[in-house]
Amino acid sequence: MGYARKVGWVTAGLVIGAGACYCIYRLTRGRKQNKEKMAEGGSGDVDDAGDCSGARYNDWSDDDDHSNESKSIVWYPPWARIGTEAGTRARARARARATRARRAVQKRASPNSDDTVLSPQELQKVLCLVEMSEKPYILEAALIALGNNAAYAFNRDIIRDLGGLPIVAKILNTRDPIVKEKALIVLNNLSVNAENQRRLKIYMNQVCDDTVTSRLNSSVQLAGLRLLTNMTVTNEYQHILANSISDFFRLFSAGNEETKLQVLKLLLNLAENPAMTRDLLRAQVPSSLGSLFNKKEYKEVILKLLIIFENINDNFKWEENEPAQNHFSEGSLFFFLKEFQVCADKVLGIESHHDFQVRVKVGKFVAKLTERMFPKSQE
């Protein structure tokens, strides 16, 4: 009986090992190029099927090949001792294996190819790899496969039912920025689903903290902002970010154009919700915020920022909230808008902007702000 039991365990181990090897083979195939789908999110509602109609896709550039090679962590086997000939060969094989895995990630199969869409059984094996493996290049390839499959609506439910949400969310604790970014991408694609959002809300504070403390303009920070943007497409979970709005304004003022635009998409979602108006006005804003209104700033940044201010202005009844104005501290967005003369000087400074659309938008904003803050009844 003991011998039969041992044979049974060995057979089971061989079957599982073969399945895992096949799964890794499927993950690291690189014969066709693929652009990883990414749901950036934005304003919009979740449809009846639970998917956000405003989902977008973000293409990854093949130019990242060289930059990623210097950042990736290469796992070396314990026998690869430095200074020995065998160790040198083993380390070279490990580097080559990691390079092949990275290139397989960047040269992934076409979304229209059957090779990209994994069956539920294969998705289960991939999730097992994510849960059990500690090798960064395997985690990276496995997360890429999950991210590609999570771009399809029917797979979002399957991955959730297989227990994939907490498995992927656990990877957020890693210190490897490349693996963390891939985990955020998977969660971002999965979040374009109402039920998934309900379960992912418990990770929003962690994602928010990681996003605001990550290296400025890094890929991890952008991936975190995209996930938070998707999670705030509806009004249901926006209150979770109420205490972080000041940090978002700080990122907006300090970041590059890409970071600015991504922060603005998030703030625009919040500004469209009247229930978030007080939290937005209460947020501390950098003194440099007014200097963004200049001719050198990007047109799209100016326009989106003005839309946010317009939404806040429309949702806040200045004359009705006069007694509550003492609740806002100096340096808040409320005082930035309340000090009309300062704000007007900054805005009027770009009325001669070379872009006609910007000039029109500025004129409308100043007129509306004047009307709300200085109503005719007070004239």
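- S253 contributes no side-chain N or O that, together with a main-chain N or O of R250, makes up a donor-acceptor pair within less than 3.5 Å.
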Assess the residue pair Y237 and L200 against the criterion (side chain to side chain contact (heavy atoms under 4.5 Å, CB included)); give the C-alpha distance rounded to whole Å, side-chain angles, the decisive distance to 0.1 Å, and a yes or no. CA-CA 10 Å; Y237 312 115; L200 289 173; over 6 Å; no

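- The backbone N or O of N189 sits less than 3.5 Å from a side-chain atom of R156, completing a donor-acceptor pair.
- Under the 3.5 Å distance criterion, the side-chain polar atoms of Q197 are matched with a main-chain donor or acceptor of S191.
- A283 meets the side chain to side chain contact (heavy atoms under 4.5 Å, CB included) test with I245, S246, F249; sequence neighbours excluded.
- The shortest distance between side-chain heavy atoms of C208 and L241 falls below 4.5 Å.
- For residues 280-290, the salt bridge (charged side-chain N to carboxylate O under 4.0 Å, His left out) pairs, not counting sequence neighbours, are D279-R282.
- The shortest non-hydrogen separation linking S219 to E181 is OG-OE1, 3.3 Å.
- Following chains of ILVMFWY side-chain contacts shorter than 4.5 Å, one cannot reach L222 starting from L261, and the two form parts of different hydrophobic clusters.
- For the residue pair Q206 / N173, a side-chain donor-acceptor distance below 3.5 Å is found, with atom types taken as modelled.
- In plain terms, the two heavy atoms of V220 and P177 that are nearest each other are CG2-O, 3.3 Å.
- Proximity of a side-chain donor or acceptor of S244 to a complementary backbone N or O of D247 within less than 3.5 Å is not detected.
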Verdict with reasoning, R226 to E258, per salt bridge (Lys or Arg N to Asp or Glu O under 4.0 Å): CA-CA 11 Å; R226 293 187 183 103; E258 189 175 9; 3.4 Å; yes

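- The one candidate from I158, V186, N155, L190 that meets the side-chain contact (heavy atoms from CB on, under 4.5 Å) condition with N149 is N155.
- Atom CE of residue M231 and atom CZ of residue R198 lie 11.0 Å apart, to the nearest 0.5 angstrom.
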In sequence, state the C-alpha distance, the side-chain angles, and the governing distance for L289 and L333, and then conclude on side chain to side chain contact (heavy atoms under 4.5 Å, CB included). CA-CA 10 Å; L289 183 63; L333 181 62; 4.3 Å; yes

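- The two residues A271 and I312 make their nearest non-hydrogen contact at CB-CG1, 4.2 Å.
- Scanning all heavy atoms of the two residues, the minimum distance from T232 to L228 falls at OG1-O, 3.0 Å.
- Residues that satisfy the side chain to side chain contact (heavy atoms under 4.5 Å, CB included) test with S119, not counting sequence neighbours, are Q121, E122.
- Partners of N235 by side chain to side chain contact (heavy atoms under 4.5 Å, CB included), not counting sequence neighbours, listed by chain and number: Q238, N273.
- Looking at heavy atoms from C-beta onward, L268 lies in side-chain contact with N311 at the 4.5 angstrom threshold.
- Annotation: side chain of L251 is in contact with side chain of Q221 (closest heavy-atom distance under 4.5 Å).
- Comment: K361 engages E310 in a salt bridge, judged by a side-chain N to carboxylate O separation of less than 4.0 angstrom.
- Although no hydrogens or angles enter the test, the distance criterion places no donor-acceptor pair under 3.5 Å between the side chain of E257 and the main chain of E300.
- Here E131 pairs with nothing under the salt bridge (Lys or Arg N to Asp or Glu O under 4.0 Å) rule; sequence neighbours left out.
- Annotation: side chain of L303 is in contact with side chain of V358 (closest heavy-atom distance under 4.5 Å).
- Note that CD1 of I308 is 5.0 Å distant from CG of L267, once rounded to the nearest 0.5 Å.
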Residue pair F252, L305: steps toward the side chain to side chain contact (heavy atoms under 4.5 Å, CB included) verdict: CA-CA 10 Å; F252 172 75; L305 187 59; 4.1 Å; yes

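- Minimum interatomic distance between A142 and V130 (heavy atoms only, all atoms of both residues): CB-CG2, 3.7 Å.
- Between the side chains of T259 and N217, at least one donor N or O sits under 3.5 Å from an acceptor N or O.
- Between P274 and F316, the closest side-chain pair of non-hydrogen atoms is not below 4.5 Å.
- Between F334 and F328, the ring planes are parallel. Angles under 30° get that label, and only those over 60° would be called perpendicular.
- To the nearest 0.5 angstrom, L281 atom CG is 12.0 Å from F336 atom CZ.
- Residues satisfying the salt bridge (Lys or Arg N to Asp or Glu O under 4.0 Å) test with K260, not counting sequence neighbours, are none.
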Could you go step by step and tell me if S329 and F335 meet the side chain to side chain contact (heavy atoms under 4.5 Å, CB included) rule? CA-CA 8 Å; S329 60; F335 275 94; 5.9 Å; no

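- No donor-acceptor pair closer than 3.5 Å links the side chain of T174 to the backbone N or O of I171.
- A distance of 7.5 Å separates CG of L264 from NZ of K304, quoted to the nearest 0.5 Å.
- Closest of all the heavy-atom pairs between G224 and V207 is O-CG1, 4.0 Å.
- Expressed to the nearest 0.5 Å, how far NZ of K180 lies from CG of L143 amounts to 13.0 Å.
- You'll find the side chain of T277 stays beyond 4.5 Å of the side chain of L280, heavy atoms only.
- Under the 3.5 Å distance criterion, the side-chain polar atoms of N188 are left unmatched by any main-chain donor or acceptor of L184.
- Proximity of F248 to L266: side-chain heavy atoms (C-beta onward) are separated by under 4.5 Å at one or more points.
- Distance check, rounded to the nearest 0.5 Å: CD of E195 to CG of D161 gives 9.0 Å.
- Between L187 and L172, some side-chain heavy-atom pair lies under the 4.5 Å cut-off.
- Enclosure of atom CG in N243 is not indicated, since only 12 or fewer non-hydrogen atoms of other residues, nucleotides or ligands lie within 6.0 angstrom.
- Checked by atom type and distance alone, the side chain of N313 never pairs as donor or acceptor with a backbone atom of F309 at under 3.5 Å.
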